Number of protein chains: 2
Amino acid sequence: MPATIKEVAERAGVNPSTVSRVINEDPKLSIREETRNRILQAIEELQYRPNAVARSLRLKTTGTVGMIIPDITNPFFPEIIKGAESAASERELSLILCNTDENPEKERSYIELLTEKQVDGILLASAYIQDETVDLVTKRKIPYVLVNRTARNAVGASVRVDDVLGAQLAIQHLVALGHRRIAHISGLLYTETGLDRLEGYRRTLNQCQIPFLSEYMVEARFSERDGYLAMERLLALPDPPTGVFAANDLIALGAMSAIRDHGWSVPEDISVVGFNDTWLAEKVHPPLTSVKVPLYDMGYLAVESLARKILGETMPQDKIVLKPELMIRRSTDAATARTRVIREA
Amino acid sequence: MPATIKEVAERAGVNPSTVSRVINEDPKLSIREETRNRILQAIEELQYRPNAVARSLRLKTTGTVGMIIPDITNPFFPEIIKGAESAASERELSLILCNTDENPEKERSYIELLTEKQVDGILLASAYIQDETVDLVTKRKIPYVLVNRTARNAVGASVRVDDVLGAQLAIQHLVALGHRRIAHISGLLYTETGLDRLEGYRRTLNQCQIPFLSEYMVEARFSERDGYLAMERLLALPDPPTGVFAANDLIALGAMSAIRDHGWSVPEDISVVGFNDTWLAEKVHPPLTSVKVPLYDMGYLAVESLARKILGETMPQDKIVLKPELMIRRSTDAATARTRVIREA
DNA sequence: TTGAAAGCGATACCAC
DNA sequence: GTGGTATCGCTTTCAA
C-alpha cells in the first residue's frame with residue numbers, strides 16, 4: 001500500500017495542505033527552509049508518489065487523452081501515433097489507445113468509456129469514422145481534433161494533408177513522363193480524402209488538357225485486395241492505361257501485383273504512383289513512387305492543437321493543412337514507344 | 001457539466017446509494033420495480049454517465065493498464081499491440097500507450113507516471129528494456145507481464161516465443177537445401193532473444209555436424225543498417241557463406257541490400273532467412289523466408305495473463321512460450337553447383 | 001508561515 | 001426496501 005499525503009504530513013509534523021503546496025510549488029507559499037526540508041525528506045523516506053486519481057477528482061482534469069484509430073496494423077497509423085505520443089509525452093499527457101477495427105459499435109462504446117474516464121480530449125483519426133461519432137463527442141462536450149479527415153458536422157479542429165495538391169503532384173509527374181492514359185483507383189468516395197484525391201486527379205487532367213474518362217476511374221476500399229481487383233478491371237479495358245494513380249500505397253501494392261500477375265511489368269509497361277509514402281513504399285519491388293504525407297507531424301500537431309483546445313486557447317489555426325511531397329522512385333518511368341506499342345497490341 | 005449521481009438521486013427522489021446499487025446491479029438489493037424505473041428514467045433524462053475517476057478513487061482500481069514499447073514504428077509491434085488492445089477491450093480495460101524511443105530515462109519516467117495514475121498493471125514489451133525497469137516496477141508493486149523477453153530479476157509472468165526452436169527451423173531449412181556454409185547475423189547478445197537465437201543456431205549446426213565458425217557469426221543491433229554492415233563483413237570473408245540466418249527481418253533486409261549492392265543475388269548466390277515474419281517479409285523482393293512469430297497472440301495472451309495477475313489468480317502458466325513456424329518464400333533456394341562455383345571463384 | 005475543513009463523485013457498511 | 005454517512009487522497013479557501 002503506497003504512502004498518502006497524510007502519512008507524509010504526519011511524518012514531517014505538518015498539515016497535508018502544506019505538503020500539497022510544497023509538491024505543487026505553490027508560488028504564493030512562503031515556507032521556512034527547514035520545514036520544506038522535513039517534508040522533502042519524508043517524501044523521500046516514504047517513497048511518496050501523489051495519487052493522480054485523487055488529484056484528478058479534485059482538479060477535474062485527468063491529463064489523459066484518447067486516440068481513436070481504425071487499425072493500428074495499417075502502416076499508415078504507427079507514424080501518426082508516434083508523433084501524437086511524442087507531443088503528448090512532452091506535455092505530460094497520457095494517451096489511451098483505442099483500436100476500433102473499423103467497427104462503429106466499438107467506436108461508440110469507446111467514446112462512452114473515454115467519457116466515463118473523464119479524458120481531457122480525444123483524437124479522432126481516419127476517414128472511416130462516422131459522422132455520428134463526431135456528434136456523440138460533441139454532445140459529450142469533449143474537446144477533439146480530427147486527424148486526416150474532416151466531417152460535415154465538425155465544428156472542431158482538424159489536421160490533414162492537402163489531398164488535392166498531392167494528387168496534382170502525382171498526375172503532373174505522370175504527365176511529365178509522357179503518359180496520357182492515366183487511370184485513378186480512388187479510395188472510398190464517402191471519405192474526404194478519397195474525394196479530394198479524385199478531385200485533384202480530375203482537375204489536373206483538365207489543366208493538362210487530357211480528357212477525363214469514366215472507365216479510367218475505379219473506386220476501391222483502401223486495401224491491397226481492392227487495389228488488385230480494381231487494377232484487373234483496368235487491365236481488361238480495350239485500351240488500358242499506361243499510368244495509374246492509386247489513392248494509397250496499399251491499393252498501389254495490390255495494383256502492382258495484378259499487373260505482374262497478368263504478365264506485365266512495372267514500370268516498363270505501366271507506371272504506378274501511391275499515396276502516403278508509408279514505410280512499405282521504399283521496400284516493395286520496384287520501390288514505389290508515392291505522395292509523401294508528413295504523418296509524424298500530423299500526429300504531433302494534432303496533439304498540440306488538442307492541448308490548446310483543452311487549455312481553452314483560441315485557435316488561430318483551427319484547421320491545419322499540411323503540404324505533401326512527391327517521392328519519386330522506380331515504379332514510374334517514361335511512357336516509351338514500347339509502352340504504347342504493347343498497349344496497342 | 002455532466003450530471004452526478006447526486007443529481008440523479010434527487011430527480012428520482014431517492015438516495016445516491018440507491019442509485020449506485022441500481023447501476024452496479026448489486027445482487028443483494030431488493031428494490032421496488034417502480035423505484036428502479038424512476039431511477040433509470042432519471043439516468044436517461046440527465047444523460048448520466050458515472051465518473052470513473054471518482055469510482056477508481058473509491059475502488060482502488062482503475063481498469064487501466066500501461067503498455068511500454070520501445071518504438072511503435074518498428075513493424076514488430078503493431079500486431080502485438082493490436083492483440084493486447086483486443087484482449088484489453090474484451091475485459092473493459094484501457095490501454096495507455098508508452099513509446100520510449102529506447103530511451104531508458106523516458107522509460108523510467110513513464111513507470112513513475114503509470115504509478116501515479118494507479119494503473120492496475122503494466123505490459124513491458126521488447127528486449128531493450130533494462131533490468132532496472134523491472135526492479136522499479138517490482139518495487140512499486142505493480143503487476144506486470146514481460147512480452148517477448150524475460151529478465152534475470154523477473155519473478156513475474158512472461159509471454160514469448162521459443163527462439164531456440166525458431167532458429168532451429170531456420171537452420172534445418174538451410175541445411176536441407178544443401179547449404180553448409182551458414183552464417184548468423186545475431187541480434188544484440190545482451191538480449192534474451194538474441195542469445196536464444198544464437199543458441200539455436202549453434203545447437204542445430206552441431207546436430208547437423210557442421211562446425212561452428214566464429215567468423216560466420218556477426219553481432220548486430222536489430223536494424224536494417226546494422227544488417228547491411230554485418231553482411232558486408234561476411235561478404236569480405238575469403239570463403240563467404242551461401243546461407244544467412246538473420247536474427248530478425250530488418251537485419252535480413254539490410255543483408256539482402258548488401259548482397260545486391262555487391263553484385264550478387266538472393267537466392268541464386270546467397271539464401272537469406274529472417275525472423276518474426278513481419279508484414280515486410282512478404283512484401284520485399286524477393287519475398288523473405290522468415291520464422292513466423294504469433295505476434296497478435298503474444299499481445300493477446302499477455303493481457304490475459306496480466307488480467308489474471310491483477311485478479312490475484314494463481315498462475316498455472318506463469319511463463320507462456322509460443323511456438324514459431326517457418327514461412328518459406330523465395331529468398332531461400334537450394335545450394336547449387338553454381339552457388340559453390342561462384343563462391344569459390 | 002502554517003492549519004483546519006470543505007468538497008470532488010462514487011461506494012459500502014450499518015441503520016431502520 | 002431504502003436512507004445516512006464515512007471514506008478514498010488530494011487541493012484550496014479561509015483563518016489564525
Side-chain angles (χ1 to χ4, degrees), chain A residues 1-40 42-43 46-64 112-113 115-120 140, chain B residues 1-40 42-43 46-64 92 113 115-120 140:
Chain A
M1 197 67 9
T4 69
I5 200 172
K6 212 174 135 198
E7 294 169 311
V8 172
E10 267 166 23
R11 179 177 266 259
V14 297
N15 190 282
S17 57
T18 310
V19 177
S20 172
R21 283 166 223 173
V22 167
I23 291 171
N24 298 303
E25 296 174 338
D26 181 348
K28 52 181 171 284
L29 163 70
S30 50
I31 191 172
R32 236 174 314 187
E33 259 317 294
E34 192 232 301
T35 323
R36 150 174 280 130
N37 287 140
R38 275 208 325 277
I39 293 175
L40 293 177
I43 288 176
L46 294 175
Q47 291 279 340
Y48 171 72
R49 302 270 120 203
N51 180 325
V53 174
R55 196 160 205 277
S56 295
L57 180 57
R58 185 64 231 242
L59 262 32
K60 294 179 165 319
T61 160
T62 53
T64 303
E112 297 295 359
L113 181 67
T115 310
E116 295 188 5
K117 294 232 160 158
Q118 316 292 119
V119 294
D120 294 337
R140 298 253 172 274
Chain B
M1 195 68 11
T4 71
I5 199 172
K6 213 174 135 196
E7 293 168 311
V8 172
E10 266 165 25
R11 179 178 265 258
V14 298
N15 190 281
S17 54
T18 308
V19 177
S20 172
R21 284 168 226 176
V22 167
I23 290 171
N24 298 302
E25 295 173 339
D26 181 348
K28 51 181 173 282
L29 163 70
S30 50
I31 192 173
R32 236 174 312 189
E33 260 317 295
E34 191 232 300
T35 324
R36 149 173 282 129
N37 288 140
R38 276 209 325 277
I39 292 174
L40 293 177
I43 288 175
L46 294 175
Q47 292 278 339
Y48 171 71
R49 302 271 119 204
N51 180 325
V53 173
R55 200 162 202 275
S56 295
L57 180 59
R58 185 63 232 240
L59 262 33
K60 294 180 168 315
T61 159
T62 51
T64 305
E92 314 237 278
L113 181 66
T115 309
E116 295 187 5
K117 294 232 161 156
Q118 315 292 117
V119 295
D120 295 337
R140 297 253 171 273

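Just so it is clear, the structure is predicted and the values come from calculations on it, not from any experiment.
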Can you check the [X] [atom1] to [N] [atom2] distance for me, whole Å?
X: B:N37; N: D:dG1; atom1: CG; atom2: P; result: 15 Å
X: B:I43; N: C:dA10; atom1: CD1; atom2: P; result: 10 Å
X: B:E116; N: D:dC10; atom1: CD; atom2: P; result: 10 Å
X: A:Q118; N: C:dG9; atom1: CD; atom2: C1'; result: 9 Å
X: B:N51; N: D:dC8; atom1: CG; atom2: P; result: 18 Å
X: A:R38; N: C:dT2; atom1: CZ; atom2: C1'; result: 11 Å
X: B:E34; N: D:dG1; atom1: CD; atom2: C1'; result: 12 Å
X: A:K60; N: C:dG7; atom1: NZ; atom2: P; result: 13 Å

When the rotation axes relating C1' atoms of four end pairs to the next four are compared across the helix from C:dT1-D:dA16 to C:dC16-D:dG1, five pairs an end, they differ to 10° by 50°
Smallest heavy-atom separation, B:Y48 atom then B:I23 atom, equals CE2-CD1, 3.4 Å
In short, A:A54 meets B:L57 closest at the heavy-atom pair CB-CD1, 3.7 Å
In 5'-to-3' order, the base (B), backbone-only (S) or no-contact (-) status of each nucleotide in nucleotides 11-16 of chain C, using a 4.0 angstrom heavy-atom cut-off, is BBB---
Is [X] touching bases, backbone alone, or none of the nucleic acid, heavy atoms closer than 4.0 Å?
X: A:V53; value: nothing
X: B:I31; value: sugar-phosphate
X: A:S56; value: nothing

Residues passing the side-chain hydrogen bond (donor to acceptor under 3.5 Å, both in side chains) test with B:T35, sequence neighbours excluded, are none
Quick one: does [X]'s side chain have a donor or acceptor within less than 3.5 Å of a partner on [Y]'s backbone?
X: B:S56; Y: B:A52; value: yes
X: A:E116; Y: A:L113; value: no
X: B:D120; Y: B:T61; value: no
X: A:K117; Y: A:T62; value: no

B:V14 and B:V19: side-chain contact (heavy atoms from CB on, under 4.5 Å), yes or no, with the steps? CA-CA 7 Å; B:V14 298; B:V19 177; 3.8 Å; yes
Check your understanding: Under 4.0 Å: is that the gap between some side-chain N or O of B:T4 and OP1 or OP2 of C:dC8?
Key -> no
Under-4.0 Å side-chain N/O to phosphate OP1/OP2 contact, B:K6 with C:dC8: no
_Can you confirm whether the side chains of B:N15 and B:R21 place a donor and an acceptor under 3.5 Å from each other?_
no
